[in-house]
K.L.:
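Below are the structure tokens for one structure; questions will follow.
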Amino acid sequence: MAYWLMKSEPAVYSWEQMAGDKKTVWSGVRNHQAANNMKAMKPGDRAFFYHSNDGREIAGIVKVSRPYHSDPTDTSGKFGMVEVTAEKPLKKPVALAEIKAQPQLRNMALVRQSRLSVSPVTAAEWVAICKMGGIQP
DNA sequence: GCCAACGTTGGC
DNA sequence: GCCAACGTTGGC
């Protein structure tokens, strides 16, 4: 069981839409590092749903419901996608500023590589953020 | 709106 | 294979 973080601009696709849709495919990723992270995902893995740009906070949790497979929006055939299902919102969204203020979270991929749209999360980071978000890990 | 980080492209 | 130019992401 691994943990991840997936970014979305709320103006494009928000947590509210994610929760309404129940599940969605994470298409459109065109970065190899992000794609490799999705490749490593297994059904049942969980990911934080992060609002980038406008919001800058973790809003909810999704679960991987289908492993990496080809992305029909990529005509080159190089990139794939996973399918994720909304699990639950955080009781209290966790802002990027709060994450940066926590010494034990300073090494998060989210902080260190701000442009990476799909990044790994360690078990310790997962637990700490769930606690900050007011939910059970 | 600005800019840092970083990926990609293309000339050589 | 190197590197300058350029485009994009995303925080501030």
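Lettering of chains follows the sequences in order, A, B, ..., and the numbering in each one begins at 1. Keep in mind that the numbers below use all heavy atoms, side chains included, and drop hydrogens, waters and symmetry copies.
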K.L.:
Check residues 73-81 of chain A and write down every donor-acceptor pair under 3.5 Å in which the side-chain atom is one partner and the other belongs to a residue at least two apart or another chain.
P.N.:
| unit_1 | atom_1 | unit_2 | atom_2 | d |
| --- | --- | --- | --- | --- |
| A/Thr73 | OG1 | A/Arg30 | NH2 | 2.9 |
| A/Thr73 | OG1 | A/Asp71 | OD1 | 2.7 |
| A/Thr73 | OG1 | A/Asp71 | OD2 | 3.1 |
| A/Asp74 | OD1 | A/Ser76 | N | 3.2 |
| A/Asp74 | OD1 | A/Ser76 | OG | 2.8 |
| A/Asp74 | OD2 | A/Ser76 | OG | 3.2 |
| A/Asp74 | OD2 | A/Gly77 | N | 3.4 |
| A/Asp74 | OD2 | A/Lys78 | N | 2.8 |
| A/Asp74 | OD2 | A/Phe79 | N | 2.6 |
| A/Ser76 | OG | A/Lys78 | N | 3.3 |

K.L.:
Measure from the side-chain N and O atoms of A/Gln17 to the backbone N and O of A/Ser14, and report whether any donor-acceptor pair falls under 3.5 Å.
P.N.:
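Yes.
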K.L.:
Please enumerate all protein N or O atoms sitting under 3.5 Å from an N or O of nucleotides 1-10 of chain C, with distances to 0.1 Å.
P.N.:
| unit_1 | atom_1 | unit_2 | atom_2 | d |
| --- | --- | --- | --- | --- |
| C/dT8 | O2 | A/Arg115 | NH2 | 3.4 |

K.L.:
Pairs under 3.5 angstrom only: tabulate donor-acceptor contacts from the side chains of residues 122-129 of chain A to other protein residues two or more places apart or in another chain.
P.N.:
| unit_1 | atom_1 | unit_2 | atom_2 | d |
| --- | --- | --- | --- | --- |
| A/Thr122 | OG1 | A/Glu125 | N | 3.1 |
| A/Thr122 | OG1 | A/Glu125 | OE1 | 3.3 |
| A/Glu125 | OE1 | A/Thr122 | N | 2.9 |

K.L.:
Start with the C-alpha gap between A/Met41 and A/Tyr68, add the side-chain angles, then the distance that decides, and say whether side chain to side chain contact (heavy atoms under 4.5 Å, CB included) holds.
P.N.:
CA-CA 7 Å; A/Met41 290 180 181; A/Tyr68 194 78; over 6 Å; no
K.L.:
Is it the case that the side chain of A/Arg106 and the backbone of A/Lys100 share a donor-acceptor pair, with hydrogens and angles ignored and the cut-off at 3.5 Å?
P.N.:
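Between the backbone of A/Lys100 and the side chain of A/Arg106 there is a qualifying donor-acceptor contact (under 3.5 Å).
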K.L.:
Distance check needed: C/dG11 P versus A/Met108 CE, whole Å only.
P.N.:
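Taking CE of A/Met108 and P of C/dG11, I get 12 Å after rounding.
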